[in-house]
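All figures in this text were calculated on a predicted structure; none of them were measured in a lab. Every chain is numbered from 1 and lettered A, B, ... according to where its sequence line falls, protein lines coming before strand lines.
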Amino acid sequence: MERIKIKKLLSSDKPIEQVLFKGWVRTRRDAKSFSFIEVNDGSCLKNIQVIADETIPHYTDIQKITTGSAVSVTGKLIESKGKGQRWEVAAENVQIISIAPENFPLQKKRHSDEFLRTIAHLRPRTNKYGAAFRIRSELAFTIHKFFNDKGFRYIHTPIITGSDCEGAGELFRVTTLNAGESDFDQDFFGKESNLTVSGQLSAEMFALSLGDVYTFGPTFRAENSNTSRHVAEFWMVEPEMSFCDLSGNMSFAEEMVKNLTVGILDRCAEDIELFARFVDKTLMATLENLISSDFVQLPYSEALKILEKTTEKFDYEVGFGKDLQSEHERYLTEKYFKKPVIVYDYPKQIKPFYMRLNDDDKTVAAMDVLVPRIGEIIGGSQREERLDVLETRMTASELPVDQYWWYLDSRRYGTVPHSGFGMGFERFLMMLTGISNIRDVIPFPRTPNTIDF
RNA sequence: UCCCCAGUAGCUCAGUCGGCAGAGCAAGUGGCUGUUAACCACUGGGUCCGCGGUUCAAGUCCGUGCUGGGGAGCCA
C-alpha cells in the first residue's frame, strides 16, 4: 500500500477503506479500551487523530508511545465520532518506527521562542515553526512563479566574489591560506576573495543582455549587528530591469509585494491563520491593508518636511544629508500614512556610487520601501548608466576603478537606463507571519557568536 | 559596538525586608474518561548562570564575566 500524506487524508471528501500514513506523535491520550494518538507528518498544520483499540496487535506497546515518537499506521479513514475533527483513522495496525525517550525536549505545551532557538534542529516539529517553514518554502516558489510569469530570467550570480565591489558593509573572507598567512598571491584565487554581499553588479550585466532578470540566493554580511532584523547569512531577491526608470522600479516593487502577499494568503491560508490567531492579532488587517492600498511615493525632501512638522519626539534630528533613522521610517509608515511608503530621491552622499545622479546634482534615484513594523523591506535604485558620471562618482567614493573594468564596460557598450532593487526574503517572511525576530524565520540562523547547528 | 532588562526543577515562572527552595505543566505510578494543551491522586526531580566579595546568614546586596532578550547603529 502506498503512503498517503496527512494533508490529503484530512481533505478527503469520503471515507477510505484502507490507508497507510506515517508521522510523528504529537500527543497520546488513553481511554478505557483504546488510545487516541495524534499524528503529524509535516504536510500540514493539523494532526490526524488515530483510534487505537485494545484489540489491535501490540496494544501494550502502543500505550508506551510518547510524544515525538515515529509511527506507521494502517486503518480506515472514518468520520469522527467525537467533536473537534471531521476525520479520524480507526487503526488496524500501529507500527512503532522509533520511540522518543522521556527527555524529548518538545512538550505538549507552549514553549518560548528563545528556548526553541536553542533546539533549532527540533523546532520545525512544532506547530508554529512547521507553519513558518512551510510558508517560507511556498514564498520561495511564489517568487519564482511571479518572475517567471513576468518573463524574467533567473540568474545564478556568484557566491564568492573577487573584490569589495558592492561596498555594502563588512565582508566574510574566503581563503585557503592558514592562519597567519596573508599573501593573497598564494591564495586559492590568487587574490583576495569574499562571500557576496549582493548579486546586483552581476545581475546588471545580465539585465543588459537578457532584459529582465532576477537573482534569489544567499547573501552574507559580517556586520556585528545584534538586532531582531539582522542575520549574517540571509536570502535576498534582486530583480534588475533594462529600459526601466525609478518610477517603473517603484511600481514594480509595489506590484511584487502585493502579488507575493496575495499568493501566500491563497496558498498558505491555514498556516497564516495560526499566526493571525496566536502571534499577531492584527496580522490579517495589516496584510489586507497592504494588498488594497496604493503605496505612498514620497520624495525624501517631502519626508523631511513631514518629520520636521510633526509634534512626535525623535531621538535623532532630521535634516538634508542625514539618513532617515528607524524611528523616522516607522513614524512615516506606521503613524503618518499607516500603509507602505516608498521614499525616493535620497541625498547622494548617503547612497552608493551606482545609483543614478539626478539633475539637481544633489540627489540620486534611490528608493526604499518601508512597511509597518518591519521598516525597510526593499532598497533599490535606478542605476547610473552614464559612463562619465559613474566614473566620477566611483572616484569620489575612493573605489579602485580599475577593478570595475567589466562593470564599466557595460556603460561603454550599448548602455541603457536600468533599475533594480533588493528585497530581504526573511524580512518579507516576518511581514507575512508577524514573527518579530528574524532568527525565527530562517532554519538555522547565523548571528555574531552563534553558528550552532 | 552602545544603552536597558533578565538568568531559580525538563519547560513556563513565583520567591516579600537578607533567615528551611516553591507552583503549574512535563516525567513516573495508580485511577477515571470518545478524549482532544484531557482530567483526579500520589511520587521523584535543584551547581538558584560562573567567579569573587559584604554578612552570623546571600536565590535575594555589591563587583566581574558569560549567556539570552529588547532598543540603537549598520542594512535587506
Any N or O donor-acceptor pair linking the side chain of [X] to the base of [N] at under 3.5 Å?
{"X": "A:R29", "N": "B:rC39", "answer": "no"}
{"X": "A:Q325", "N": "B:rG73", "answer": "no"}
{"X": "A:S225", "N": "B:rC74", "answer": "yes"}
{"X": "A:Q85", "N": "B:rU35", "answer": "yes"}
{"X": "A:H230", "N": "B:rC75", "answer": "yes"}
{"X": "A:S80", "N": "B:rG34", "answer": "yes"}
{"X": "A:N226", "N": "B:rU1", "answer": "yes"}

*Is there a stack between A:F34 and B:rG34, judged by ring centres under 5.5 Å and planes under 30°?*
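A:F34 vs B:rG34: stacking no.
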*Choosing from B:rG34, B:rU1, B:rC11, which nucleotide comes nearest the side chain of A:Q107?*
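Between B:rG34, B:rU1, B:rC11, the one nearest the side chain of A:Q107 would be B:rC11.
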*Check the angle between the aromatic planes of A:Y346 and A:Y300 and answer parallel, tilted or perpendicular using the 30° and 60° thresholds.*
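The rings of A:Y346 and A:Y300 sit tilted, inter-plane angle from 30° to 60°.
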Using a 4.0 Å heavy-atom cut-off, does [X] contact any base of the nucleic acid, only the sugar-phosphate backbone, or nothing at all?
{"X": "A:I377", "value": "sugar-phosphate"}
{"X": "A:D113", "value": "nothing"}
{"X": "A:L106", "value": "nothing"}
{"X": "A:N449", "value": "nothing"}
{"X": "A:S228", "value": "sugar-phosphate"}
{"X": "A:V231", "value": "base"}

*asked:* Centre-to-centre under 6.0 Å for A:Y331 and A:F314, is that the case here?
replied: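 That pair passes the under 6.0 Å test.
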*So, A:Y59 versus A:F34, ring centres under 6.0 angstrom or not?*
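No - the distance between ring centres of A:Y59 and A:F34 does not fall below the 6.0 Å cut-off.
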In whole angstroms, how far is the [atom2] atom of [N] from the [atom1] atom of [X]?
{"X": "A:R446", "N": "B:rC75", "atom1": "CZ", "atom2": "P", "answer": "24 Å"}
{"X": "A:M430", "N": "B:rG70", "atom1": "CE", "atom2": "C1'", "answer": "13 Å"}
{"X": "A:E114", "N": "B:rG10", "atom1": "CD", "atom2": "P", "answer": "19 Å"}

*Do the side-chain N or O atoms of A:K108 get closer than 4.0 angstrom to the phosphate oxygens (OP1, OP2) of B:rA38?*
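Looking at the OP1 and OP2 atoms of B:rA38, one of them is under 4.0 Å from a side-chain N or O of A:K108.
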*Considering just the side-chain nitrogens and oxygens of A:S33, establish if one lies under 4.0 Å of OP1 or OP2 belonging to B:rG34.*
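No, no such contact exists.
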